[in-house]
Undergrad: 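One structure is given below, represented as structure tokens, and several questions about it will come after.
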Amino acid sequence: QVQLVESGGGLVQPGGSLRLSCAASGTFFSINTMAWYRQIPGKQRELVAGVTSDGSTNYADSVKGRFTASRDNAKNTVDLQMNSLKSEDTAVYYCYAVATLTRVPVMYQYWGQGTQVTVSS
């Protein structure tokens, strides 16, 4: 099993920055993709940024050029640096990971508990 713990959310003014961190722990063989999703009440959860084990990244169009995801495979962490924040970035941000628990290539999905990011003056 994999446990994901997020940190770094909070309140920030428009144009400001925040950095989210997520650490994976537990018993697993490998972690493939790690990503950040966000969800606004009443809306579907959406992908913000993803990082594969080889460091490839992909971003939602709405955050390209403002957000940067980075990963430390040795520490099993993924961070999300958020700059030039806008009110529409306000959401609960969730860490997500895909992992294999043994050498058998069966992948499992895991979610963190979420951290609130509020962008407001």
Side-chain angles (χ1 to χ4, degrees):
Q1 298 293 327
V2 176
Q3 293 82 45
L4 302 174
V5 178
E6 303 111 332
S7 61
L11 173 65
V12 64
Q13 292 187 341
S17 298
L18 274 179
R19 187 176 184 89
L20 304 182
S21 296
C22 173
S25 63
T27 303
F28 50 88
F29 179 70
S30 67
I31 296 181
N32 188 345
T33 295
M34 297 189 80
W36 289 95
Y37 283 73
R38 67 186 181 188
Q39 188 169 23
I40 300 169
K43 293 192 176 182
Q44 281 193 328
R45 194 170 294 187
E46 64 173 2
L47 175 68
V48 176
V51 190
T52 62
S53 57
D54 64 0
S56 298
T57 56
N58 64 296
Y59 297 93
D61 287 343
S62 59
V63 307
K64 284 181 180 177
R66 299 189 298 122
F67 291 12
T68 302
S70 58
R71 180 170 168 176
D72 186 330
N73 289 332
K75 296 180 179 180
N76 295 313
T77 60
V78 62
D79 292 348
L80 184 67
Q81 178 65 43
M82 304 184 293
N83 299 327
S84 302
L85 283 160
K86 305 175 181 180
S87 58
E88 51 262 46
D89 294 318
T90 296
V92 177
Y93 285 69
Y94 295 90
C95 182
Y96 167 84
V98 178
T100 56
L101 304 184
T102 68
R103 291 183 180 273
V104 176
V106 174
M107 296 189 177
Y108 298 87
Q109 302 179 68
Y110 298 92
W111 293 92
Q113 80 284 359
T115 185
Q116 177 69 45
V117 171
T118 302
V119 184
S120 175
S121 55

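As a basis for the values below, the full set of heavy atoms in this structure was taken, side chains included, without hydrogen atoms, waters or symmetry mates.
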Undergrad: Who passes side-chain hydrogen bond (donor to acceptor under 3.5 Å, both in side chains) against K64, sequence neighbours left out?
TA: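 For K64 the side-chain hydrogen bond (donor to acceptor under 3.5 Å, both in side chains) partners, ignoring immediate neighbours, are D61.
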Undergrad: How close do D79 and S21 get, heavy atom to heavy atom, and via which atoms?
TA: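 What the structure gives for the nearest pair is OD1-OG, 3.1 Å.
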Undergrad: Quick one, E6 and L20 - any side-chain contact, counting heavy atoms below 4.5 Å?
TA: no
Undergrad: Output all residues satisfying side-chain hydrogen bond (donor to acceptor under 3.5 Å, both in side chains) with N83, sequence neighbours left out; order by chain, then residue number.
TA: S17, Q81
Undergrad: Apply side-chain contact (heavy atoms from CB on, under 4.5 Å) to Q39 and list each qualifying residue two or more places apart in sequence or on a separate chain.
TA: R45, Y94
Undergrad: Suppose clustering is done on Ile, Leu, Val, Met, Phe, Trp and Tyr with side-chain heavy atoms closer than 4.5 Å. Which residues sit in the same group as V5?
TA: none
Undergrad: Side-chain donor-acceptor pairs under 3.5 Å in residues 27-37, sequence neighbours left out?
TA:
{"residue": "S30", "atom": "OG", "partner": "T100", "partner atom": "OG1", "Å": "2.8"}

Undergrad: Are Y96 and V48 connected, step by step, through hydrophobic side chains (Ile, Leu, Val, Met, Phe, Trp, Tyr) whose heavy atoms are closer than 4.5 Å?
TA: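 No, it is not one cluster - the side chains of Y96 and V48 are not joined through contacts under 4.5 Å.
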Undergrad: Let me confirm one number: the CD-CD distance from Q3 to Q113, rounded to the nearest 0.5 Å.
TA: 11.5 Å
Undergrad: Hey, does D89 have a side-chain heavy atom less than 4.5 Å from the side chain of L18?
TA: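 Answer no - side chains too far apart.
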Undergrad: Kindly give the heavy-atom pair with the smallest separation between S84 and R66, and that separation in Å.
TA: O-NH1, 2.9 Å
Undergrad: Which heavy-atom pair separates L4 from C95 by the least distance, and what is that distance?
TA: CD1-O, 3.7 Å
Undergrad: Starting from V104, can I reach V98 by hopping between I/L/V/M/F/W/Y residues whose side chains sit under 4.5 Å apart?
TA: no
Undergrad: Can V92 be reached from L80 by stepping across I, L, V, M, F, W or Y side chains whose heavy atoms are under 4.5 Å apart?
TA: no
Undergrad: As an exercise, state the distance from CD of Q1 to OH of Y108, rounded to the nearest 0.5 Å.
TA: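 One finds 8.5 Å between CD of Q1 and OH of Y108.
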Undergrad: Nearest 0.5 Å please: distance from the CG atom of N76 over to the OG atom of S25.
TA: 9.0 Å
Undergrad: Per the ring-ring contact (aromatic ring centres under 6.0 Å, His included) rule, what does the pair list look like for residues 38-92, sequence neighbours excluded?
TA: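 Passing the test, one end in residues 38-92: no pairs.
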Undergrad: Determine the minimum heavy-atom distance between S53 and R71, stating which atoms define it.
TA: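 In terms of heavy atoms, the two residues are closest at N-NH1, 3.3 Å.
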Undergrad: Does any part of the side chain of L11, heavy atoms only, come nearer than 4.5 Å to the side chain of S120, both counted from C-beta?
TA: yes
Undergrad: Looking only at heavy atoms, which two atoms of V117 and G9 are closest? And how far apart?
TA: CG2-CA, 4.2 Å
Undergrad: Give the minimum heavy-atom separation between L101 and Y110, together with the two atoms involved.
TA: CD2-OH, 3.4 Å
Undergrad: At what distance, to the nearest 0.5 angstrom, does CD of Q116 lie from OG1 of T90?
TA: 7.0 Å
Undergrad: Is E88 atom CD crowded by more than 12 heavy atoms from other residues, nucleotides or ligands, each under 6.0 Å away?
TA: yes
Undergrad: Given side chains that start at C-beta, do those of V63 and R38 come closer than 4.5 Å, heavy atoms only?
TA: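 Result yes, sub-4.5 Å side-chain heavy-atom pair found.
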